[in-house]
Protein chains: 2
Amino acid sequence: VSGVFVIGVGMTRFTRHEESSIALGEQAVAAAIDDAGIETADMDALYAGHVHGGAVAGERVGAATGLAGIPTLNLENACASGTTAIVEATHAIRAGRYDAVVACGFEKMSSRPGMIAPSEGDYEGALGLVFPAWHAVRARMYMDAYGLTRDQLSRVAVKNRSNGALNPLAHFHEEVTLADVAESRPVATPLRLFDCCPKSDGAAAVVLGSRRFLDATRRRHGRAITVAGVGLSSGRADGFYEPLFEDITHRAAQEAYDDAGIKPSDVDFAEVHDCFTIAEGLRVEALGLAEPGTYFRELEANGRWMRDGACPVNASGGLLAKGHPVGATGVAQVCELVTQMRGVAGERQLAKTDVGVAHTRGGSVPGTEGGSCGVVVCTGD
Amino acid sequence: VSGVFVIGVGMTRFTRHEESSIALGEQAVAAAIDDAGIETADMDALYAGHVHGGAVAGERVGAATGLAGIPTLNLENACASGTTAIVEATHAIRAGRYDAVVACGFEKMSSRPGMIAPSEGDYEGALGLVFPAWHAVRARMYMDAYGLTRDQLSRVAVKNRSNGALNPLAHFHEEVTLADVAESRPVATPLRLFDCCPKSDGAAAVVLGSRRFLDATRRRHGRAITVAGVGLSSGRADGFYEPLFEDITHRAAQEAYDDAGIKPSDVDFAEVHDCFTIAEGLRVEALGLAEPGTYFRELEANGRWMRDGACPVNASGGLLAKGHPVGATGVAQVCELVTQMRGVAGERQLAKTDVGVAHTRGGSVPGTEGGSCGVVVCTGD
């Protein structure tokens, strides 16, 4: 298996944009190609992750960025769409199909009526178990099982808002206090407004290449950053999972760790799908970076997941502060890993960035744990 | 590169269905797994092609067919979505990622308001150059360039309706005459109603496996059928193509032929994206099976593309008679190749079926030749 490297990254700010998702995708792809210092003629394929971009949206982004003609995929896996694009592009390069692929994600959420309406046939959602309600149930169960407090939960929002304040591309730049979170508008008890990620518009892109391609581009960013491991899973049916341990995340992570030849204890920092405060803890636990039931307690006790902690989580601000343009999210996570690994993250720069993990999980499928989960492990030389 | 084999096929009838696209997908996947004679536990991944199925539709089909938990992709490439699923599944098996993959396509067209409305930003469509208009322009140009007659064009519809009448799963079972076509309602001059494919609901699925998997399933259908070559392309920008020669089809076909190690003259029969009568000829020519400008003349002169001709095209009835549930179309084409190669096509059985080609092409991207094109070459041992 030959190595796959991140040659270039680019993204728009995540916020409310006037432009279409296609126009946002164009900006991110152009930025990633520019960052890589390559010609569009060097690109062999385009992998686009999006949910609402419309038919052949990837081809439309490609046509606007000088990539018309190359094989193009549109990959949808709800919130994991962007990660799915990276996973598939990585496998294609490894298999020798392509030397260089643009993987991108884009989404326009602000023009959509709502993001929590159940799909046709989603009887769980129709009965009220839409995402905020489901995460509220899990938060309540976690409180019962492990003594999670309101303050402990709030600390996730405080941390991620603090990180987002240092990220020029984040949706929210305002810090919040424990009191702000606890007093924000109730959404689904015990979750409040600041426990929930916003609807954002935005796009992100990465240029991935083989070792041959990396060498040809002369490593203009110094450190070579490898996509060392990838994993993709879907939710299993009832009976194979339980609300306080994310089997779907655990299995995707295990695949990615095995693929990279690492253990969870090797991970220096992570970007994790914190669509809600409670979700961040459950997912870091399922990623094996914390023991079940310990995430929020550790955050309070020793700040383990803070920027200056032992294993920073969501230094970018995460979904809670950076925002969540669904298809773009997983690609933006990898952009953050690379920005940190290059040492160019500015005020939010982390100290140790040899091994980073990105995790997204999305979609609901009645009668199963959920839609899709993707995990990407990046390592720096 | 290890071989990839079609182990099982299944499809619904293409017609107006009451069920959702998810329910149709379930029926096709269950049928393909049953046809393969395998257990769902043997399946390593699910690749779903669809345009309008909604978020994580593939995972929903998987959950309903006992496939919950395995990596699942939703692939969209307009009319080439199903072919894209087969292309990607083939590459994944070849790369050793999976031993067995279900590739499926499903679509519910009847509940959609229209299929020819231009996308946001499609200035060509907004100016009136939607699909029927574009194909009408090409038909007129073909008439000017090669002397194409109304009767020659009509013969494509007559042939495909005749084939569809022998296919129990086709949308239309009624034959039509040259006069019926010429007198049908004008749509976009010179194209008339019977020059155009219908809107259909339906689904199709194939089980693809490695040689190891083929051997484990004991070749229950006798002949081993190989996915010998695959190709995927997107449309190039203005200046690289011209209306009477489909560059996008030519390039995807060349990739698939090279991949399979065959020449166009080796092809015994083909399923081709005949969304309009004129399109069938243009595509067979771009596939290299006919010289430019000769398709319709040969059909009239010697019936070369008829069921009993030298190179039958769309023995299934094609999009014109079998129907066109967008995401399902490319998968259904491969189902037809396999049905013919197994020798179980009943009244429409072809004589020589050693090498078959399936071709789909779909989507419009302003300023380029078009969205996406996929070609699959199957060979029988």
> Distance-only, no hydrogens or angles: does the Ser234(A) side chain make a donor-acceptor pair with backbone N or O of Ile70(B) under 3.5 Å?
Replying inline: yes
> Minimum heavy-atom separation for Asn77(B) to Thr72(A), with atom names?
Replying inline: ND2-O, 2.9 Å
> Tell me, side chain or backbone of Arg60(A) under 4.5 Å from chain B's heavy atoms, or both, or neither?
Replying inline: both
> Do you know which of Pro366(A), Gly235(A), Gly363(A) has the most heavy-atom pairs under 4.5 Å to chain B?
Replying inline: Gly235(A)
> For Ser364(B), is it the side chain, the backbone, both or neither that has a heavy atom under 4.5 Å from a heavy atom of chain A?
Replying inline: backbone
> What do you reckon, is CZ of Arg16(A) surrounded by more than 12 foreign heavy atoms closer than 6.0 Å?
Replying inline: no
>> Ignoring hydrogens, what is the shortest heavy-atom contact between Ala78(B) and Val56(A)? Give both atom names and the distance.
In response: CB-CG1, 3.8 Å
>> Using side-chain contact (heavy atoms from CB on, under 4.5 Å), reason through Leu232(A) and Leu73(B) one step at a time and then give a plain yes or no.
In response: CA-CA 9 Å; Leu232(A) 185 66; Leu73(B) 298 184; 3.6 Å; yes
>> Could you report the tightest heavy-atom contact between Val51(A) and Ala55(B), atom names first, then the distance?
In response: CG1-CB, 4.3 Å
>> Quick check on Arg236(A): does its CZ atom have over 12 non-hydrogen neighbours (other residues, nucleotides or ligands) under 6.0 Å away?
In response: yes
>> Among Gly371(B), Ala63(B), Cys373(B), Gly367(B), which residue has the highest count of heavy-atom pairs closer than 4.5 Å to chain A?
In response: Gly371(B)
>> Quick check on the interface: out of Glu255(A), Glu369(A), Glu59(A), Arg97(A), who has the most heavy-atom pairs with chain B under 4.5 Å?
In response: Arg97(A)
>> Can you confirm whether more than 12 heavy atoms, excluding those of Glu39(B), are under 6.0 Å from its CD atom?
In response: no
> Looking at CD of Glu88(B) and OH of Tyr47(A), how far apart are the two atoms once the value is rounded to the nearest 0.5 Å?
Replying inline: 4.5 Å
> For Ala237(B) and Ala68(A), which heavy atoms make the closest approach, and how far apart are they?
Replying inline: N-CB, 3.8 Å
> Thr368(A) versus chain B, heavy atoms under 4.5 Å apart: side chain, backbone, both or neither?
Replying inline: side chain
> By a 4.5 Å heavy-atom criterion (distance strictly below it), what part of Ser372(B) contacts chain A: side chain, backbone, both, or neither?
Replying inline: both
> Can you tell me how far CG of Leu75(A) sits from CG of Asn74(B), rounded to the nearest 0.5 angstrom?
Replying inline: 8.5 Å
> Yes or no on side-chain contact (heavy atoms from CB on, under 4.5 Å) for Glu76(A) and Glu76(B), after CA distance, side-chain angles and deciding distance?
Replying inline: CA-CA 8 Å; Glu76(A) 186 279 317; Glu76(B) 186 280 317; over 6 Å; no
